[in-house]
> 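Below are the C-alpha cells for one structure; questions will follow.
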Amino acid sequence: MKAFRRAWGAAPAVGPFAPDPAAVFSLGTRLAEQGAVEGARSAFQQAIDGADPEYAPAAAFRLGLLLGQNGDIEGAKEAYRQAVNSGHPEHSPVAARNLGHLYKRQGRFRQACGAYQIAIDSGHPDIAPWAMVYLGNLLSSYANPEPARISYRMAVDSGHPEAARQAARRLAALT
C-alpha cells in the first residue's frame, strides 16, 4: 500500500492532487514491461501531464514506444512529437529519430526528412550521426544524389564508429 501511495502521490492537505513524477514514470515502465498497455498508457500520460522537465519528456518517449509497439501509430507519433517539442537533450533527439522512422514507413518522406533533420540538429553524439545516415538513405532514392552525399559525408565526418562506417559504404555506392 505504501508503494501505491508513492506511485500515485499522497493527496496534499491543501491544493490539487499531484502524483510523484518519478514514481508514476516508474509505474508506467513496470506496467509496460508486464504487458499492461492501458495501465502503462495512463501512468505515462500522468507523468506527461505533470510537466516535470525530466520525467514528462521521458514518459512521452516511452509512451511513443508503447503505442507504436501496440499498433497505435498515430498515437505514437503524437507522443514522439511531445518528446521532440520538449527540447530535452536525450529524449528529444531519440524521439525525432523514431518519428522519422514512423513517417518513412508511412511513405511520408518529407516529414521523415524533417524529423531526421531535427535529430541531426540536436548534435546528440550518437543519435545525430545515425540520423544523417537515415536521411542519406531517404535522399539517395531521388534523381539528384548530391543531398544524400552531403548527409553521408556529414555522418562520416562525425567520427561515430558505426554510423560513419555505414555512411562510407553508402557514399561509395553512390559514386
Side-chain angles (χ1 to χ4, degrees), residues 1-106 108 111-135 154-155 158-163:
M1 188 63 162
K2 189 175 187 179
F4 179 80
R5 281 195 203 122
R6 174 149 165 65
W8 293 103
V14 177
F17 174 75
D20 177 353
V24 175
F25 176 78
S26 294
L27 178 63
T29 301
R30 183 71 60 153
L31 290 170
E33 290 168 353
Q34 295 172 356
V37 175
E38 287 308 311
R41 178 194 304 243
S42 176
F44 287 141
Q45 190 60 56
Q46 284 191 29
I48 293 166
D49 293 344
D52 180 89
E54 190 62 36
Y55 290 103
F61 174 72
R62 290 298 304 265
L63 181 59
L65 287 175
L66 176 77
L67 296 176
Q69 291 167 349
N70 287 281
D72 183 357
I73 301 306
E74 292 308 310
K77 289 188 319 191
E78 179 56 34
Y80 285 143
R81 281 191 288 267
Q82 287 181 319
V84 169
N85 291 337
S86 76
H88 189 278
E90 290 297 320
H91 305 300
S92 179
V94 178
R97 179 205 57 203
N98 286 14
L99 186 58
H101 292 340
L102 290 178
Y103 280 131
K104 180 181 175 192
R105 281 187 225 138
Q106 292 181 320
R108 297 177 65 187
Q111 289 88 347
C113 288
Y116 291 143
Q117 190 62 54
I118 290 169
I120 291 166
D121 292 345
S122 76
H124 190 282
D126 190 49
I127 301 302
W130 280 111
M132 293 168 196
V133 173
Y134 302 140
L135 181 59
M154 287 172 43
S158 76
H160 186 279
E162 292 149 29

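Index from 1, following the sequence.
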> Is any side-chain heavy atom of R97 closer than 4.5 Å to one of H124?
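Not touching, per the 4.5 Å side-chain cut-off.
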> Is any side-chain heavy atom of K77 less than 4.5 Å from a side-chain heavy atom of Q111?
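Answer no - side chains too far apart.
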> Using 30° and 60° as the class boundaries, would you call the ring planes of F25 and F44 parallel, tilted or perpendicular?
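Rings of F25 and F44: tilted, as their planes differ by 30° to 60°.
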> Do other residues, nucleotides or ligands put more than 12 heavy atoms under 6.0 Å from Y55 OH?
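Check fails, neighbour count at 12 or below.
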> Does a side-chain heavy-atom distance below 4.5 Å link V94 with Y80?
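Counting from C-beta outward, V94 and Y80 never come under 4.5 Å.
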> Taking C-beta and beyond as the side chain, do N70 and R41 meet within less than 4.5 Å on heavy atoms?
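A side-chain contact is absent here, since even the closest heavy-atom pair is not under 4.5 Å.
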> Working to the nearest 0.5 Å, report the span between OG of S86 and CG of D52.
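These two atoms lie 11.5 Å from each other.
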> Mind listing the closest non-hydrogen atom pair of P19 and Q46 along with its distance?
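Heavy atoms only, the tightest pair is CG-OE1, 3.7 Å.
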> Within a strict 4.5 Å, meaning less than it, do heavy atoms of the H101 and Y116 side chains meet?
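With C-beta onward as the side chain, the pair touches.
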> Roughly how far, to the nearest 0.5 Å, is the CG atom of L66 from the CD atom of E38?
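It comes to 8.5 Å.
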> Distance check, rounded to the nearest 0.5 Å: I48 atom CD1 versus Q82 atom CD?
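Interatomic distance, I48 CD1 to Q82 CD, rounded to 0.5 Å: 5.0 Å.
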> Identify the two heavy atoms, one from P21 and one from A47, that lie closest to each other, and give their separation to 0.1 Å.
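Nearest heavy atoms, P21 then A47: O-CB, 4.4 Å.
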> Can you see which heavy atom on V84 is nearest to which on A96, and at what distance?
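What the structure gives for the nearest pair is CG2-N, 3.3 Å.
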> Below 4.5 Å, heavy atoms only, C-beta onward: do R62 and H91 meet side chain to side chain?
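Not in contact.
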> Side-chain contact, heavy-atom cut-off 4.5 Å: E78 with E74?
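A side-chain contact is absent here, since even the closest heavy-atom pair is not under 4.5 Å.
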> Which heavy atom of P93 sits nearest a heavy atom of I127, and at what distance?
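Nearest pair, atom of P93 first, then I127: O-CG2, 3.5 Å.
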> Determine whether a donor-acceptor pair (N or O, by modelled atom type, separation under 3.5 Å) exists between the side chain of S26 and the backbone of A22.
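Between the backbone of A22 and the side chain of S26 there is a qualifying donor-acceptor contact (under 3.5 Å).
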> Let me confirm one number: the CG-CG distance from L27 to D20, rounded to the nearest 0.5 Å.
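Answer for the CG-CG pair, L27 versus D20, is 11.0 Å.
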> Grab the two heavy atoms, one from I120 and one from A131, that are nearest each other, plus how far apart they are.
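What the structure gives for the nearest pair is CG1-CB, 3.6 Å.
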> If you look at every heavy atom in A83 and A95, which pair is closest and at what distance?
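Nearest heavy atoms, A83 then A95: CB-CB, 3.5 Å.
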> May I ask you to test the F61-E90 pair for a side-chain heavy-atom distance under 4.5 Å?
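They are not in contact (no side-chain heavy atoms under 4.5 Å apart), so the answer is no.
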